[in-house]
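Chain identifiers are assigned alphabetically (A, B, ...) following the order of the sequence lines, protein sequences preceding nucleic acid strands; residue numbering begins at 1 within each chain.
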2 protein chains.
Amino acid sequence: MAKETIAGLAKRLGISKASVSYALNGQPGVSEVTRRRVLDLAEELDWYPSSSARALSRSRAGAVGMVLSADPLLIGTEPYYMGLLAGIESALAEGDMALMLRMVGKDPLQEHAIYERWSGERKVDGVLLFDHLHDDPRPALLERLGLPFVLHSAPESARPTSFSGTTTDHDSDSARIVDHLHATGHRSIAHVSGPHSFVHEEERIRGVRERADGYGMTVVQYEGSYALEAGHDAIALLLRAASAPPISAVVLGNDLMSMGALLALRELGLRCPEDVAIVSWDDSLHCQLASPSVTALSRNTVLQGRVAAELLLLLLDSGTLQTRSMPSSELVVRASTGG
Amino acid sequence: MAKETIAGLAKRLGISKASVSYALNGQPGVSEVTRRRVLDLAEELDWYPSSSARALSRSRAGAVGMVLSADPLLIGTEPYYMGLLAGIESALAEGDMALMLRMVGKDPLQEHAIYERWSGERKVDGVLLFDHLHDDPRPALLERLGLPFVLHSAPESARPTSFSGTTTDHDSDSARIVDHLHATGHRSIAHVSGPHSFVHEEERIRGVRERADGYGMTVVQYEGSYALEAGHDAIALLLRAASAPPISAVVLGNDLMSMGALLALRELGLRCPEDVAIVSWDDSLHCQLASPSVTALSRNTVLQGRVAAELLLLLLDSGTLQTRSMPSSELVVRASTGG
DNA sequence: CTGAAAGCGCTTACAG
DNA sequence: CTGAAAGCGCTTACAG
């Protein structure tokens, strides 16, 4: 069977290609009777319009792009990204948009090159941006390229002027964690964040410090890499440095570093939570399975992906810039803080 | 700046569109001088040919599709899929092919509908098939649709007659595991597999049984779902059933079930490995972090994805059907078997 | 409501 | 080696 085309359908039905197209796309310009006949025939023949022909004539790719730019090792072990992907995918599928996925290392130039290419080839209609960086060059680049985008976890201050984005209330997340530690008796804590180059880490750091200050708690900050080893090394360093009062709880920026912290405590012969309590800024199966299980901030990553994708669809369909705040996270209290 | 086109470049250079096209695509039909001028101008203008126009005139989408069809919860926690994706992506990027990703639940009809659509819209040039099922309807469907595909982990018996595929030597994997258990003194073991509907599970089951038989070992088989709870429940059930000699080691089909098994042992007050040893058929960070750490078969999932993608590219470029066997896995011995 | 025609931006025989 | 032209399969003003 030769591939059917719109011309073929038109001939079979004795009408013009235009009518078939109108019928297919729900456009006015055909009678209901004709429309039904077209739709029925398409269904009967299992026929779908060619995506590339459509893309060419509509000047719309029908796809959005996402670059996963992180240490491949991290991506593989971080459940965070899979959740994000699942959410994105579900929203895109509903909007009949395809997801174009690329994974590259931490090299920003590679990521930029992909955007240039996508824009030049008109391969995607828009882009999803995650992990907002301090002085992030990507928004300006995408604007120059004319590629619409949604910035996930944009700073609260970013009003929907030049781009769409989701915002996360890091202050509230920070407060949740610090409040819990204060309530369980901790007065001197450490905060092992992810890289300061991420905007969300800056905000978390400020949030934790301000909340702790409010309670008169001491907080030592340490910059980690999100890798398990970073959590391990941070603990070793922080607990070696004699501080008064001694650190009795450590907040770590993700689940991997929290696992590293647990390992380090074990090596040092320290008990958790009796000697040192642990809180993870990301929940995952690792936190649940660890012994002791780890108290963690549960952010709904699937929902986050979904909302970001929805904002992008909205932007592409109607040009509407919008900011949506993510629902606040929940602290799941487990054994690592005596839960 | 209006979008450049091939016609624009041709005009600027005072040559025909055809020449520009030939130059761009490395085709004969242009002098080296002209080719250079074209390439230089394209570079200077940051210009790339429109992917949809290309796709339409070449009748080639420039993308391959992959449907992740599994319990979303499983996908999120299984590092397996991320590794696969990373490998696939790296091979495709080198071949200048895009990856079209869809995630659906376990409903096979949904997956089939996606293939029909992709084929009808000519949205992808080929498809990557994972998790080969017993009586898998997908190969026949894809053949009917005219969509080339690669079957990952096809049975050894499948010669490259009708499709390309990778093969895994499950016998050797099984032997590796059983040998280790036998060497560490176990004579009565249980094997908690994944669903029997997967071809690879059938082969593992046979492999384990045959090898155990060779040693005169007893082996009880149990069908799990790959979910953590399945591993948990299996342990409870298997150890309750009094068998002689009592089961002293359990092999579980993936890392999640192995974690469940560990939890169940703890609940039952049994020590691992002293009372019951554990082996996981998939290695992951979970196996490393668990206490005790879990002996696991380390399959290189990144490589597996890469090879599958390479086979598909080969098939699409040259029509060559080929079978490639995956390198055999390595058993990483850890504390759960007394390592 | 319908049809003939141009256009989307490439590739590719076909003549020169 | 180069150019003019047809074709890929849709969509969309534009006339009727």
Please report the C-alpha distance between Asp317(B) and Arg60(B) in whole Å, then the side-chain angles of each, then the deciding distance to 0.1 Å, and finally whether the salt bridge (charged side-chain N to carboxylate O under 4.0 Å, His left out) criterion is met. CA-CA 11 Å; Asp317(B) 283 351; Arg60(B) 215 161 182 288; 3.2 Å; yes
Rounding to a whole Å, what distance do you find between [X]:[atom1] and [N]:[atom2]?
| X | N | atom1 | atom2 | answer |
| --- | --- | --- | --- | --- |
| Arg54(A) | dT12(D) | CZ | P | 9 Å |
| Lys17(A) | dA6(C) | NZ | C1' | 10 Å |
| Ile6(B) | dG7(C) | CD1 | P | 18 Å |
| Leu56(A) | dG7(C) | CG | P | 14 Å |
| Leu45(A) | dG9(D) | CG | C1' | 16 Å |
| Gln27(B) | dC1(D) | CD | P | 13 Å |
| Arg35(B) | dT2(D) | CZ | P | 10 Å |
| Arg36(B) | dC1(D) | CZ | P | 16 Å |

Considering only [options], which nucleotide approaches the side chain of [X] most closely?
| X | options | answer |
| --- | --- | --- |
| Pro49(A) | dG9(C), dC10(D), dT2(C) | dC10(D) |
| Ser50(B) | dG3(C), dC10(C), dA6(C) | dC10(C) |
| Asn25(B) | dA4(C), dC10(D), dT11(C) | dT11(C) |

[X] side chain vs [Y] backbone, donor-acceptor pair below 3.5 Å:
| X | Y | answer |
| --- | --- | --- |
| Thr166(A) | His152(A) | no |
| Arg306(A) | Ala86(A) | no |
| Lys106(B) | Ser69(B) | yes |
| Ser57(A) | Ala53(A) | yes |

Would you please test Asp131(B) and Arg138(B) for salt bridge (charged side-chain N to carboxylate O under 4.0 Å, His left out) and show each step? CA-CA 11 Å; Asp131(B) 293 333; Arg138(B) 298 174 300 171; over 6 Å; no
Determine the contact category for Thr34(B): base if any of its heavy atoms lies under 4.0 Å from a base atom, sugar-phosphate if only primed atoms, P, OP1 or OP2 are that close, otherwise nothing.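 Sugar-phosphate contact only - Thr34(B) comes under 4.0 Å of backbone atoms but never of a base.
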Start with the C-alpha distance between Glu116(A) and Arg144(A), add both sets of side-chain angles, then the distance that settles side chain to side chain contact (heavy atoms under 4.5 Å, CB included), and finish with yes or no. CA-CA 10 Å; Glu116(A) 300 225 353; Arg144(A) 179 169 69 71; 3.4 Å; yes
Would you say [N] has OP1 or OP2 under 4.0 Å from some side-chain N or O of [X]?
| X | N | answer |
| --- | --- | --- |
| Arg58(A) | dC8(C) | no |
| Trp47(B) | dC10(C) | yes |
| Ser21(B) | dT11(C) | yes |

Starting from the 5' end of DNA chain D, give me the residue, Pro28(B) or Ser57(B), whose nearest nucleotide shows up first.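 Nearest nucleotide further toward 5': that of Pro28(B).
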For DNA chain C, what string of dots and brackets results from 5' to 3' when Watson-Crick and G-U pairs need both distances under 3.5 Å, crossing pairs get [ ], and pairs with another strand get |? |||.||||||||.|||
